[in-house]
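First the structure, in the form of C-alpha cells, and then the observations on it.
Chain letters run A, B, ... following the sequence lines, proteins first and then strands; every chain starts at 1. Model, not experiment: these values are computed from the prediction.
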Number of protein chains: 2
Amino acid sequence: MADLIVLDPHAPIPLYTQLYRILRLRILEGQYAEGDAIPSENVLRDEHGITRSTVRKAIALLVNEGLVRQFRGKGTIVSYAPINNSVWNFGGFTDYSRARGQRPVTSLLEQATEDGANGPVLKLVRARGIAVEDVTLFLNLDTSWLSLKRYPGLDIFDFEKQSLYQVLRDHYGVSPARSELTLSVVAPSALTTKVFGDGLDVPGFLCATGDVFSSSDELVERTSVIYSPTLEMRVGTSWSTGNGQPPGA
Amino acid sequence: MADLIVLDPHAPIPLYTQLYRILRLRILEGQYAEGDAIPSENVLRDEHGITRSTVRKAIALLVNEGLVRQFRGKGTIVSYAPINNSVWNFGGFTDYSRARGQRPVTSLLEQATEDGANGPVLKLVRARGIAVEDVTLFLNLDTSWLSLKRYPGLDIFDFEKQSLYQVLRDHYGVSPARSELTLSVVAPSALTTKVFGDGLDVPGFLCATGDVFSSSDELVERTSVIYSPTLEMRVGTSWSTGNGQPPGA
DNA sequence: TAGTGGTCTAGACCACCAT
DNA sequence: TGGTGGTCTAGACCACTAT
C-alpha cells in the first residue's frame, strides 16, 4: 500500500513527530500486528524522502513508549501487552481502546469553584473508563484544579462532553507539555467505592499527584489521579546507557 | 579546568555513554550546581573532539533521567529535586547519596533456596537505605528470586557485603539491561513494620513487581520492591512529541 | 551476501535568548 | 549580534541476523 499520509516539511510539527504519529496509529490499529516488524529504517527513509536520522528519531519515540523494540540484524518489532499503559499518559489508553472499537467514557462527578491562594479555582472530578457493550468500566478517578483567573469562563463548559485539554487548547491556546507527579497510596473511600465498585479487596489505591505544565513552563493544572486496580500499571525500564548497565555503577 | 577524563573511541562503550557518565557524575557531585548551566553543546563538542550529534545524544540521556532541562537560546540547566528518584532505578539514588557523603546500606533479611518450576531458586530479601550519622533509614524492601540452575553457586555469596548485580556481572557475565514491572499496592505487614517502622499511618505501600532481563533478553531475576513512604516517588513526564501534545490527540 | 539496526561524522538552517 | 538548543541532511563504518 502506498502511503496516503505524506509528511509536510513546512508544517510546524517536526518531521519525526509526524512520522511517529503515523507509525503509532498503524500499530494501535493493528496494521502492524504484535510480533511483526514494522518497515525497516531504510524503507521508511525512502518512502518518505527523509534521512535515516529522522526516521530513527521517530522510532525512538515509539521505543520510549514501549510500543516497539529494536533488534540489530532483525528489525523493529511491535511488542506491547494489551492495555500497556504508561501510567502517566492516559491518552495512550484512550487511543488504544478507541482503536479497538471500545468507547472511552468520561463521567463528571463534581464541578465546583473553590477559593485558592491566587483567586477562584475550578475543581473538576471526573471518572474515566471504557464502555464495552453495555458495561462501563471505570479505570481512573481524576481530580483537577484550574485557576479561573488564568482561564476565565472555563466553568461554563460541559466537561462531560468536551475534553478539558481540548478546551484549553482551542479557547485558551494552552497545551500541556510536561508533568511533575508524585506517586502515593490512598485509602479506599466512599468515592472510590462508588466509582470502582466494592468488590475490590485492596488496602489502597495507586495515586499520582502533581502539576502539569505547558511548553512555556506555565502551570496548567494541578491534578490528582487515582487508578483502578483493574488497570495494570506496567512500567518498562531500559537502561539505555549503551552497554546494559544501570546508571548506578 | 581541563578534562581529566578523556573519551576513548575504541572502548566498547559508545562515546555518548561515556560523555553521559562524565556529565552525570559532575552533576551528582555538585560540580554543576542546581540551576546552573552545564557547558554548551558546542563547547562539549570541541572539548571532547566529537560531533554535536553525539553530545546531544549524551545530554538526551540526562534529560530522560530528569537531571537537566534544555532551553533554546539559554542553555542546558541542571534541575533536580533532592532525592529525585525515578522509581525503577534505585541506582540513581545510591549514586546521589554517596555523592553527598551518606552511606548506602544493605541489610540481608533472608537468604533461602526454594523450589521453582525450573529447579531450585535463590530467594533474597534485602532492605536498602542510607546511614546518616548513627541513624539508618531504610527506603526499600527488595525481594529477588534467581535461578540456581542458571547461576550455580550463587547461594554461597554474602549479599550483605556484595552487590547482587556486581556478582552476576563478574562471575556469570550477565548484566541487567531492561525491566518489566507492574505497580501495585501492598498492605502493611510484620516485615514492612520491622523495616520501615511502625510510626507510619499509611493504608499501604507502593510496590513494583516484575522481571529484569539482560541485554540478550534472558531473564536475570524476578523481583518485588516495596518502597518506603519516606521516599518521594517523583515521576516526570514530558510529551516529547515536538509540539507539546500528549500522544492522545 | 544482503539487509538490519547502532554509532558517528561534518556540515546546514532555524527559532529563540541575552547583550 | 553572537550564542544557545532544535531540526535535518547525506553520507560512513560497524556488528549482527537471515539465507
Original post:
Would you say D:dT4 has OP1 or OP2 under 4.0 Å from some side-chain N or O of B:Gln70?
Top reply: no
**OP:** Spell out yes or no: do the side chain of B:Arg52 and the base of D:dG6 have one donor N/O and one acceptor N/O closer than 3.5 Å?
**Re:** yes
**OP:** Verify, without hydrogens or angle tests, whether A:Glu41 (side chain) and A:Arg56 (backbone) share a donor-acceptor contact under 3.5 angstrom.
**Re:** no
Original post:
Whole-Å distance between D:dG5 C1' and B:Asn42 CG?
Top reply: 9 Å
Original post:
Hey, which of these two, B:Pro39 or B:Ser53, hits DNA chain D nearer its 5' end, going by closest nucleotide?
Top reply: B:Pro39
**OP:** Report yes if a side-chain nitrogen or oxygen of A:Ser40 is closer than 4.0 Å to either non-bridging phosphate oxygen (OP1 or OP2) of C:dG3; otherwise report no.
**Re:** no
Original post:
Counting any heavy atom closer than 4.0 Å, what does A:Thr51 reach on the DNA or RNA strands: base, sugar-phosphate only, or nothing?
Top reply: base
Original post:
Atom CG of B:Asp8 and atom P of C:dC8: how far apart are they, to the nearest Å?
Top reply: 11 Å
Original post:
Which whole-number value in Å describes the distance from A:Phe71 CZ to C:dG3 C1'?
Top reply: 17 Å
Subject >> Side-chain (A:Gln70) to main-chain (A:Val63) donor-acceptor, under 3.5 angstrom >> reply: no
Subject >> Sidechain N-carboxylate O distance under 4.0 Å for A:Arg26, A:Asp36 >> reply: no
Original post:
Within less than 4.0 Å of OP1 or OP2 of C:dT7, is there a side-chain N or O belonging to B:Thr54?
Top reply: no
**OP:** Indicate whether OP1 or OP2 belonging to C:dC8 is found under 4.0 Å from a side-chain N or O atom of B:Tyr16.
**Re:** no
Subject >> Gap between atoms NZ and C1', on B:Lys74 and C:dA15 respectively (whole Å) >> reply: 14 Å
**OP:** Among the candidates C:dG6, D:dT4, C:dT9, find the nucleotide nearest to the side-chain atoms of B:Arg72.
**Re:** D:dT4
Original post:
Expressed in angstrom and rounded to an integer, what is the separation of A:Lys57 atom NZ from C:dT7 atom C1'?
Top reply: 16 Å
Original post:
When you match A:Gly73 and A:Pro9 each to their closest nucleotide on DNA chain D, which lands nearer the 5' end?
Top reply: A:Pro9
**OP:** Quickly work out the B:Leu15 CG to C:dA10 P distance and round it to whole Å.
**Re:** 12 Å
Original post:
How many Å lie between CZ on B:Arg56 and P on D:dG6, as a whole number?
Top reply: 5 Å
Subject >> Check: A:Tyr165/A:Glu221 side-chain N/O donor and acceptor closer than 3.5 Å >> reply: yes
Subject >> Nearest-Å distance for atom pair CD1/P, residues B:Ile59 and D:dG6 >> reply: 9 Å
Original post:
Looking only at side chains, do B:Ser214 and B:Ser216 share a donor and an acceptor under 3.5 Å apart?
Top reply: yes
